[in-house]
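Here's the structure we're looking at; comments come further down.
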Amino acid sequence: MDETMQMIEKNIFRPLPNVKKGNLNFAETGIDQEEEMDPAWPHLQGIYEFFLQLVVNESVEVKQLKFYVTAKFVQEFLDLFDSEESVERDYLKNILHKLYAKLVPRRKMIRKAINECFYTLIHETHKFNGTAELLDI
């Protein structure tokens, strides 16, 4: 389990890429522009899918998972919600929801970290891409 969580952390906890979106929208050009994807997304999608399956797997005990889901882990995980990739934010939302459901002893810590994200958003007027996803949780 140590190596598994280390692999997940090393792959998903990264500086978020600054993906540029086209300035002209469909209404202005009449042409539907494709959004540019993070070039690492195909690799990351596999990691997120693996992590999601690990969390929902009934053979993984809460005690094992609780050891790795620390305040630092949760904060870094929530920072990823600022990703430009909507698919990545959906994976993050689903994983966080499953973690919250499974890790009853960590719920208070997770709620506190989410509240801190909202306080930062409100008081620092920082644009945060994952606000809607966090509100869904």
Side-chain angles (χ1 to χ4, degrees):
M1 186 72 161
D2 282 338
E3 292 84 12
T4 303
M5 289 303 293
Q6 193 175 44
M7 180 268 302
I8 291 169
E9 289 176 4
K10 287 187 186 294
N11 281 280
I12 66 172
F13 297 150
R14 70 205 189 285
L16 293 173
N18 189 9
V19 179
K20 299 288 184 199
K21 306 289 185 199
N23 289 339
L24 301 175
N25 62 21
F26 178 77
E28 295 172 348
T29 63
I31 301 170
D32 194 15
Q33 297 181 359
E34 292 184 28
E35 293 183 4
E36 290 186 35
M37 277 181 61
D38 178 2
W41 176 245
H43 168 75
L44 289 170
Q45 185 175 12
I47 302 296
Y48 281 122
E49 189 61 41
F50 180 81
F51 190 24
L52 181 61
Q53 294 306 314
L54 179 74
V55 172
V56 298
N57 190 335
E58 292 182 13
S59 65
V60 176
E61 295 179 17
V62 172
K63 191 188 308 183
Q64 288 177 306
L65 211 48
K66 189 175 96 169
F67 179 76
Y68 297 101
V69 179
T70 62
K72 180 179 183 259
F73 179 92
V74 171
Q75 187 56 55
E76 289 184 40
F77 194 79
L78 290 175
D79 288 344
L80 293 172
F81 274 90
D82 200 21
S83 171
E84 295 281 339
E85 295 290 335
S86 62
V87 182
E88 181 174 9
R89 292 192 310 266
D90 284 341
Y91 268 103
L92 291 165
K93 178 180 75 170
N94 289 330
I95 293 168
L96 186 60
H97 186 265
K98 301 294 184 195
L99 281 172
Y100 187 84
K102 190 169 189 170
L103 296 176
V104 176
R106 295 284 192 244
R107 285 183 180 177
K108 183 177 180 182
M109 178 184 64
I110 293 170
R111 281 193 312 267
K112 184 178 178 188
I114 292 172
N115 281 336
E116 290 297 322
C117 282
F118 289 135
Y119 290 144
T120 302
L121 174 67
I122 292 167
H123 295 294
E124 295 182 12
T125 62
H126 169 69
K127 180 182 177 279
F128 188 74
N129 292 316
T131 305
E133 287 81 2
L134 283 176
L135 287 170
D136 282 346
I137 297 170

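For residues 103-114, no pair satisfies salt bridge (Lys or Arg N to Asp or Glu O under 4.0 Å), with sequence neighbours left out.
From Leu134, atom CG reaches atom CZ of Phe128 across 5.0 Å, with rounding to the nearest 0.5 Å. Between Glu61 atom CD and Lys66 atom NZ the span is 12.0 Å, to the nearest 0.5 Å. Within the model, atoms CG of Leu92 and CD of Glu133 stand 8.5 Å from one another, a figure rounded to the nearest 0.5 Å. Between the CZ atom in Arg89 and the CG atom in Leu80 there is a gap of 12.0 Å [rounded to 0.5 Å].
Looking at Val56 and Lys102, their side chains never come closer than 4.5 Å, going by heavy atoms from C-beta outward. Side-chain contact between Leu103 and Met109 is absent, with no heavy-atom pair separated by less than 4.5 Å. Leu96 is listed as a side-chain neighbour of Phe81, based on a closest heavy-atom distance under 4.5 Å. The closest side-chain heavy-atom distance from Asn11 to Phe50 is not below 4.5 Å. Lys93 is listed as a side-chain neighbour of Ile137, based on a closest heavy-atom distance under 4.5 Å.
Counting heavy-atom neighbours within 6.0 Å of Phe67 CZ, excluding the residue itself, gives a total of 12 or less.
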- Evaluate side chain to side chain contact (heavy atoms under 4.5 Å, CB included) for Tyr100 paired with Ile114, printing each intermediate quantity in order. CA-CA 12 Å; Tyr100 187 84; Ile114 292 172; over 6 Å; no

- Item | Gln45 vs Glu49, side-chain hydrogen bond (donor to acceptor under 3.5 Å, both in side chains): CA-CA, chis, key distance, verdict | CA-CA 6 Å; Gln45 185 175 12; Glu49 189 61 41; over 6 Å; no

- Step by step, work out the side chain to side chain contact (heavy atoms under 4.5 Å, CB included) result for Met5 and Leu54. CA-CA 10 Å; Met5 289 303 293; Leu54 179 74; 3.9 Å; yes

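Under a hydrophobic clustering in which Ile, Leu, Val, Met, Phe, Trp and Tyr are joined whenever their side-chain heavy atoms come within less than 4.5 Å, directly or via other members, Ile95 and Leu135 fall into the same cluster.
Formation of a donor-acceptor pair under 3.5 Å by the Asn94 side chain with backbone atoms of Asp90 is found in this model.
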Could you list the donor-acceptor pairs under 3.5 angstrom formed between side-chain atoms of residues 70-78 and any protein atom two or more places apart in sequence or on another chain?
| from | atom 1 | to | atom 2 | distance (Å) |
| --- | --- | --- | --- | --- |
| Thr70 | OG1 | Phe73 | N | 3.2 |
| Lys72 | NZ | Glu76 | OE2 | 3.0 |
| Gln75 | NE2 | Asp79 | OD1 | 3.0 |

